[in-house]
Enquirer: 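Pasting in a structure now, in structure tokens, and then I'll have a few things to ask.
On a predicted model such as this, the values are computed, not experimentally measured, just so you know. The figures here come from the full heavy-atom set of this structure, side chains too, leaving out hydrogens, waters and symmetry mates.
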Amino acid sequence: MKAVYGLYSTPESAQHAVDTLRKAGVTDRQITIVSSEPLEHYEFAKKDSKTWMNWIAVLGAATGCTIAYLLTSITQKMWAINTGGMPIVTNWSNLIIIFELTMLGAIFATVATLLVTAGIPNLRKTKLYDPAVSDGKILVGVANPSDANTIERVLRASGRGTLKTIG
Amino acid sequence: MNPIAERQMTDDILRPVLETSSKFYLIVALLGTFVAAGIGTWFYQVYNGLGVTGDNWPVFWGFHETNFVFWIGISHAGTLISAILRMVDAGWRRPVTRCAEAITAFALMIGAMFPLIHLSRPWLAWWLIPYPSERQIWPNYRSPLAWDFFAINTYLTGSLLFLLLPMIPDFALVRDRTTGFRSRVYRALALGWTGTPKQWARLESAMHIMAIAIIPVAVSVHTIVSFDFSMAIVPMWHSTIFGPYFVAGAIFSGIAALIIAMAILRKVLRLENYLHPIHFQNLGKLLLTMSLLWGYFVFNERLTTWYGNQPHEMGVFWATQAGRYAPLFWTMVFCNFILPLPILSIRKLRTITGCVVASCGVVIGMWLERFLIIVPGLGHKPITFSWGTYTPQWVEIVIMAGSIAAMGLLYVLFSKVVPIISIWELKAGERELEHMRAHAETQTAAAEATAGELV
């Protein structure tokens with residue numbers, strides 16, 4: 001993988017680098033930003049923040065609810081057990097299991113959506129990353145740039161950061 | 001955030017993970033010995049049958065059930081408190097959440113073991129799992145024990161995920177700070193996390209949704225544990241107040257356990273710069289609230305029973321108030337109410353030491369409460385000729401000691417592998433504070449400029 005990137009100490013300088021890249025015609029999709037903490041107060045961190053996760057969680061909950069209802073009611077009909085004069089299908093007490101599996105459905109759907117949309121697990125070393133991020137640096141760069149020299153020039157011109165290249 | 005302070009923070013919190021002292025091995029060996037003794041005693045019980053315990057007619061539920069309810073109660077500390085604080089975006093939660101969530105996961109694991117320990121034939125425990133059976137013996141979904149299975153497993157799964165997800169960015173951090181085999185392990189645990197804005201946004205959304213989902217699940221779990229008792233026609237069990245009473249008691253003991261764990265971690269791992277007295281004071285206030293709520297529930301339960309004056313219920317009532325169990329009852333009242341009330345309500349006494357003393361009292365008091373709910377009721381059923389008592393044997397005591405050691409051992413091993421304070425959340429908190437300060441300064445400057453123009 002080829003890449004050109006800068007390491008910045010503050011979110012402000014990272015924002016400046018992102019703005020400079022944009023001005024040079026680099027699209028948001030091409031720009032990679034990596035940080036060791038969420039920086040939700042900065043504009044560059046807000047890209048890709050929209051998600052359907054809430055609705056997928058609701059869908060997961062509905063699926064869990066349906067499965068639980070079918071599990072309890074079908075089982076009780078197929079293997080009828082008379083318990084203390086209660087009806088064969090006891091919806092009141094089944095509500096407990098229905099509730100638990102509904103919530104479990106929502107939890108599983110949320111975690112699955114997180115894993116899929118955040119691209120984890122990804123154990124291949126194909127992503128643009130620098131261990132300096134763990135020390136608090138913010139990485140702003142472009143992976144596999146069509147014109148590496150231009151990107152390098154633009155990032156150098158934005159100043160304040162440490163410039164690095166791969167490949 | 002100042003880069004030097006940020007690096008210092010990371011180094012401080014990662015120190016216990018990256019450096020190992022001889023004390024660590026000593027503590028692990030000590031706790032491991034108790035755990036091994038507990039496991040060995042359980043095997044002894046399985047081999048010889050439940051006759052070696054104090055469980056006997058009419059009291060078949062003794063220490064094992066008490067410990068089951070107690071540990072499930074302790075588990076309420078973590079995920080529930082963490083989820084509530086996350087929901088309301090309480091900034092002071094950040095150093096506390098992981099300590100709390102870990103308590104939930106381990107206490108649930110230990111608690112869930114006790115029904116198995118209490119089975120004289122534990123190898124048949126899988127009969128509880130809903131599977132298509134050729135013998136047509138499916139679990140009876142009307143049984144509170146089947147409800148337990150679903151509730152505890154849902155809460156355990158949710159709590160483990162709630163604990164694990166925010167650990168991924170911290171694993172990535174440890175991955176970058178280690179070499180060799182350890183680095184490879186953390187590389188696998190970090191799941192290829194880099195920290196793009198998309199990953200952060202998704203993680204925060206997921207944690208928010210999980211927090212919303214886990215709160216009702218946490219409440220349901222202890223309500224359902226209370227149903228194990230309140231669905232039975234046993235004196236002082238068949239009560240509508242049991243659900244909220246158990247939930248309140250669980251949160252109460254959970255907070256106390258959290259305070260004790262935090263104080264130990266603060267001292268042993270030298271985290272004084274991150275676990276401040278204010279964290280203990282805030283948790284102390286919560287503990288005080290729960291102490292009052294607990295007193296309110298006990299008064300309700302006792303007054304209703306006394307006023308009803310049902311003979312079979314009064315048998316249990318007097319056994320606990322003035323009979324065989326009275327010393328335990330009044331110790332419970334002292335530990336849960338009389339001791340914490342002055343310590344936690346007087347600001348000068350609400351120190352770290354004060355909170356720990358009150359919490360130790362609460363943990364003991366809440367264990368006694370679980371015992372007093374279970375045993376006197378079973379020993380005083382409506383027909384007086386079936387009255388009886390329960391005396392624990394060494395088997396139950398050793399297994400109980402083993403379970404306490406297991407909690408300690410799991411916690412020590414956890415804090416060796418995982419940063420016990422969520423580093424990225426702490427950094428985010430500092431950043432948020434800076435942002436709020438900057439925002440306030442901008443607003444003040446703007447207000448001053450406007451005032452100047454008006455003048």
Enquirer: Could you check whether atom NZ of A:Lys46 has more than 12 heavy atoms from other residues, nucleotides or ligands sitting under 6.0 Å from it?
Expert: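 Yes - once you tally the heavy atoms of other residues, nucleotides and ligands closer than 6.0 Å, there are more than 12.
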Enquirer: Heavy atoms only, distances under 4.5 angstrom: which of B:Thr10, B:Thr196, B:Ile212, B:Ile168 has the most pairs with chain A? Name it, please.
Expert: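 Highest number of pairs under 4.5 Å: B:Thr196.
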Enquirer: Compute whether any side-chain donor of one residue and acceptor of the other, for A:Ser36 and B:Lys427, lie under 3.5 angstrom apart.
Expert: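 There is such a pair (donor and acceptor under 3.5 Å, judged by atom type) between the side chains of A:Ser36 and B:Lys427.
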Enquirer: Working note: A:Ser93 + B:Tyr141, criterion side-chain contact (heavy atoms from CB on, under 4.5 Å); need CA distance, chi angles, decisive distance, verdict.
Expert: CA-CA 8 Å; A:Ser93 58; B:Tyr141 292 120; over 6 Å; no
Enquirer: Only one of B:Thr157, B:Leu161, B:Leu164, B:Ile209 clears side chain to side chain contact (heavy atoms under 4.5 Å, CB included) with A:Val111; which?
Expert: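 Testing each of B:Thr157, B:Leu161, B:Leu164, B:Ile209 against A:Val111, the sole residue satisfying side chain to side chain contact (heavy atoms under 4.5 Å, CB included) is B:Leu161.
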Enquirer: Pick whichever of A:Ala106, A:Ala132, A:Ser35, A:Gly84 has the most heavy-atom pairs under 4.5 Å with chain B.
Expert: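 Of A:Ala106, A:Ala132, A:Ser35, A:Gly84, A:Ser35 has the most heavy-atom pairs under 4.5 Å with chain B.
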Enquirer: Measure across A:Ile33 and B:Pro197 and return the closest heavy-atom pair with its distance rounded to 0.1 Å.
Expert: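 Between these two residues, the closest heavy atoms are O-CD, 3.1 Å.
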Enquirer: Considering only heavy atoms, which portion of B:Glu425 lies under 4.5 Å from any heavy atom of chain A: side chain, backbone, both, or neither?
Expert: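 The answer is neither part of B:Glu425.
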Enquirer: Can you find a pair of side-chain heavy atoms, one from A:Ile96 and one from B:Phe150, that are under 4.5 Å apart?
Expert: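 Side-chain contact under 4.5 Å: no.
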Enquirer: If every non-hydrogen atom of B:Arg177 is compared with every non-hydrogen atom of A:Ser134, which pair is closest and at what distance?
Expert: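 Distance-wise, the nearest heavy atoms are NH2-O, 4.0 Å.
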Enquirer: Are there residues of residues 54-72 of chain A that reach to under 4.5 Å of chain B by heavy atoms, and which ones?
Expert: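 At a heavy-atom separation under 4.5 Å, chain B is reached by A:Asn54, A:Ala57, A:Leu71, A:Thr72.
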Enquirer: Which atoms of B:Phe227 come close to chain A, meaning under 4.5 Å heavy atom to heavy atom: side chain ones, backbone ones, both, or neither?
Expert: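 Side chain of B:Phe227 only, per the 4.5 Å heavy-atom cut-off to chain A.
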Enquirer: With a 4.5 Å cut-off on side-chain heavy atoms, are B:Trp424 and A:Pro38 touching?
Expert: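 The answer is yes, as the side chains (C-beta and beyond) meet within the 4.5 Å cut-off.
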Enquirer: Would you confirm whether A:Trp79, through its side chain, and B:Asn140, through its main-chain N or O, come within 3.5 Å as a donor-acceptor pair?
Expert: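 Looks like no, no N/O pair under 3.5 Å.
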Enquirer: Taking the side chain as every heavy atom from C-beta outward, state whether B:Ile214 and A:Ile107 have any pair of such atoms under 4.5 Å apart.
Expert: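 Yes. Closest side-chain heavy atoms under 4.5 Å.
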Enquirer: Would you say that more than 12 heavy atoms from the other residues, nucleotides or ligands in this model lie under 6.0 Å from the NE2 of A:His41, or not?
Expert: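 Correct, the count exceeds 12.
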Enquirer: Quick one: of A:Asp135, A:Leu39, A:Thr102, A:Thr32, who has the most non-hydrogen atom pairs under 4.5 Å with chain B?
Expert: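 Winner by heavy-atom pair count: A:Asp135.
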Enquirer: Distance-only, no hydrogens or angles: does the B:Arg142 side chain make a donor-acceptor pair with backbone N or O of A:Met86 under 3.5 Å?
Expert: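 Pair absent, no side-chain N/O of B:Arg142 close to backbone of A:Met86.
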Enquirer: Closest approach of B:Lys198 and A:Thr117, non-hydrogen atoms and distance?
Expert: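 That closest heavy-atom pairing would be CE-O, 3.3 Å.
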Enquirer: Show, in sequence, the C-alpha distance, side-chain angles and deciding distance for B:Ile423 and A:Glu37, and conclude whether the side-chain contact (heavy atoms from CB on, under 4.5 Å) test is met.
Expert: CA-CA 9 Å; B:Ile423 298 171; A:Glu37 60 184 289; over 6 Å; no
Enquirer: Look at B:Ala190, B:Ala428, B:Ala151 and state which one has the largest set of heavy-atom pairs under 4.5 Å with chain A.
Expert: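 The answer is B:Ala151.
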Enquirer: Does some side-chain heavy atom of B:Asp176 sit less than 4.5 Å from a side-chain heavy atom of A:Tyr129?
Expert: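 Yes. Closest side-chain heavy atoms under 4.5 Å.
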Enquirer: Pick whichever of B:Ala201, B:Pro216, B:Ala172, B:Pro169 has the most heavy-atom pairs under 4.5 Å with chain A.
Expert: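 The answer is B:Pro216.
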Enquirer: Check whether any side-chain N or O of B:Gln199 sits under 3.5 Å from a backbone N or O of A:Ala118 as a donor-acceptor pair, and report yes or no.
Expert: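 Flag set: sc B:Gln199 to bb A:Ala118 pair under 3.5 Å.
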Enquirer: Does the pair A:Phe99 and B:Thr154 meet the rule for a side-chain contact (heavy atoms from CB on, under 4.5 Å), with working shown?
Expert: CA-CA 10 Å; A:Phe99 170 78; B:Thr154 300; over 6 Å; no
Enquirer: Could you look at B:Leu173 and say if it's the side chain, the backbone, both or neither that has a heavy atom under 4.5 Å from chain A?
Expert: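 For B:Leu173, the contact with chain A is made by backbone and side chain together.
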Enquirer: Identify which part of A:Lys50 has an atom lying under 4.5 Å from any heavy atom of chain B, answering side chain, backbone, both or neither.
Expert: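 The backbone, not the side chain.
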Enquirer: Mind listing the closest non-hydrogen atom pair of B:Ser205 and A:Thr51 along with its distance?
Expert: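 Shortest heavy-atom separation between B:Ser205 and A:Thr51 comes out as OG-CG2, 3.8 Å.
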Enquirer: What are the two closest heavy atoms between A:Met103 and B:Ala213, and how far apart are they?
Expert: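 Answer, listing the atom of A:Met103 first, then B:Ala213: CE-O, 3.4 Å.
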Enquirer: Please rank A:Leu115, A:Val133, A:Thr75 by heavy-atom pairs under 4.5 Å with chain B and give me the top one.
Expert: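 Ranked by contacts with chain B, first place is A:Thr75.
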